[in-house]
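Working notes, structure below.
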Amino acid sequence: MEDCIFCKIINGEIPSEKVYEDDEVLAFKDIHPAAPIHILVIPKKHIENLLEVTDEDNYLIGKIYKTINVIAGNLGIEKDGFRVIVNCGKDAGQEVMHLHFHLLAGRKMGPKIVK
Ligand code: AMP
Ligand code: ZN
């Protein structure tokens, strides 16, 4: 998608600190970390948000969670735990209209989430 910053990160137009990549999923460090570890896990397919997910994406969404599991193992955070957040729409404060899963770790999470 033109003008989508995460699509630009996927195609290399905008740099990112990648922590995982395969044909369908990319994970990179959030530029404004809300925790010592703050990774964004995204599908390479441009999907605006959870409301745009269809049955066609069932495999992809499952794979994203499995990838988060793998990244947690790679980062060594599986023992202490982590939080996964998806913001959808205005009231959730979604800023980037390309589906993304925030993976937060490295501190005790309070009741307040990402922002
Ligand atoms: P959300 O508010 O759920 O849409 O989250 C968007 C996230 O993308 C925010 O946490 C931003 O800090 C992050 N972000 C925006 N631009 C970039 C970028 N170029 N590289 C890494 N993270 C970014
Ligand atoms: Zn996009």
Side-chain angles (χ1 to χ4, degrees):
M1 257 290 240
E2 275 170 53
D3 296 336
C4 169
I5 60 168
F6 286 178
C7 283
K8 286 182 177 171
I9 285 175
I10 291 162
N11 70 28
E13 271 181 75
I14 294 177
S16 67
E17 275 194 71
K18 292 177 190 174
V19 297
Y20 176 91
E21 181 166 23
D22 65 29
D23 288 348
E24 293 158 315
V25 178
L26 177 67
F28 53 95
K29 293 186 182 175
D30 195 292
I31 205 166
H32 294 124
I37 292 172
H38 187 169
I39 308 291
L40 299 173
V41 186
I42 68 173
K44 288 192 171 175
K45 176 184 177 186
H46 179 87
I47 301 172
E48 285 211 349
N49 61 30
L50 274 183
L51 293 172
E52 300 299 321
V53 168
T54 69
D55 281 346
E56 242 182 58
D57 306 313
N58 286 346
Y59 167 78
L60 186 57
I61 300 302
K63 181 172 176 177
I64 287 171
Y65 278 106
K66 177 60 191 162
T67 302
I68 289 169
N69 179 344
V70 168
I71 294 168
N74 291 345
L75 296 176
I77 55 173
E78 75 279 32
K79 190 164 150 279
D80 286 341
F82 53 87
R83 180 173 281 171
V84 177
I85 293 168
V86 179
N87 292 317
C88 184
K90 189 165 55 73
D91 278 2
Q94 183 182 2
E95 285 172 2
V96 178
M97 298 307 281
H98 181 127
L99 181 64
H100 51 281
F101 293 66
H102 296 262
L103 166 59
L104 297 149
R107 67 166 167 83
K108 268 240 181 308
M109 302 292 154
K112 271 276 189 184
I113 49 180
V114 174
K115 284 167 224 162

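All ligand and atom numbering here is 1-based and tracks the order in the structure. Values reported hereafter were calculated over all heavy atoms of this structure, with side chains retained and with hydrogens, waters and symmetry mates removed.
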Nearest-0.5 Å distance, OG1 of residue Thr67 to OH of residue Tyr20
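Output value for this atom pair is 4.5 Å.
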Atom NE2 in His38, atom CG in Asp30: separation rounded to 0.5 Å?
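Between His38 NE2 and Asp30 CG, I get 4.0 Å after rounding to 0.5 Å.
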So if I count the atoms of ligand 1 from 1 in the order they appear, which ones are less than 4.0 Å from some heavy atom of [X]?
X     : result
Gln94 : 4 (O)
Ile5  : 15 (C), 16 (N)
His32 : 12 (O)
Lys29 : 21 (C)
Phe6  : 8 (O)

Look at the aromatic rings of Phe28 and Phe6 and report parallel, tilted or perpendicular, splitting at 30° and 60°.
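Perpendicular.
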Evaluate the side chain to side chain contact (heavy atoms under 4.5 Å, CB included) criterion for residues Ile42 and Leu99: first the C-alpha distance (whole Å), next the side-chain angles of each, then the deciding distance (0.1 Å), finally the verdict.
CA-CA 6 Å; Ile42 68 173; Leu99 181 64; over 6 Å; no
Below 4.0 Å, non-hydrogen atoms only: which portion of Ile31 touches ligand 1? Side chain, backbone, both or neither.
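The answer is both.
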For Lys90 and Glu95, what are the C-alpha separation, side-chain angles and deciding distance, and is it a salt bridge (charged side-chain N to carboxylate O under 4.0 Å, His left out)?
CA-CA 8 Å; Lys90 189 165 55 73; Glu95 285 172 2; over 6 Å; no
Residue list, side chain to side chain donor-acceptor pair (under 3.5 Å) with Asn11, at least two apart or on another chain
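Checked Asn11 against side chain to side chain donor-acceptor pair (under 3.5 Å); matches are Glu13.
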Do any N/O atoms on [X] end up under 3.5 angstrom from N/O atoms on ligand 1?
X      : value
Gly93  : yes
His38  : no
Leu40  : no
His102 : yes

Look at atom 10 (O) of ligand 1 and find which of Val96, Asp30, Ile9 reaches it with the closest heavy atom.
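Comparing heavy atoms across Val96, Asp30, Ile9, the nearest one to atom 10 (O) of ligand 1 lies in Asp30.
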Indicate yes or no: at least one non-hydrogen side-chain atom of [X] is less than 4.5 angstrom from one of [Y].
X      : Y      : value
Val84  : Phe82  : yes
Val41  : Val25  : yes
His102 : Leu40  : yes
Ile77  : Leu103 : yes

Inspect the contact between Glu2 and Lys8 and indicate whether a charged nitrogen and a carboxylate oxygen are less than 4.0 angstrom apart.
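Salt bridge flag = no for Glu2 with Lys8.
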Is Asp22 salt-bridged to Lys63, going by a charged N under 4.0 Å from an acidic O?
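Looking at Asp22 and Lys63, the cut-off is met.
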Measure the distances from the heavy atoms of Met97 to every atom of ligand 1 and state whether one is below 4.0 angstrom.
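So Met97 does not count as touching ligand 1.
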What are the protein N, O or S atoms, given as residue plus atom name, that sit under 2.8 Å from the Zn ion (ligand 2)?
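Per the 2.8 Å query on the Zn ion (ligand 2), atoms found are Cys4 SG, Cys7 SG, His46 ND1, His98 ND1.
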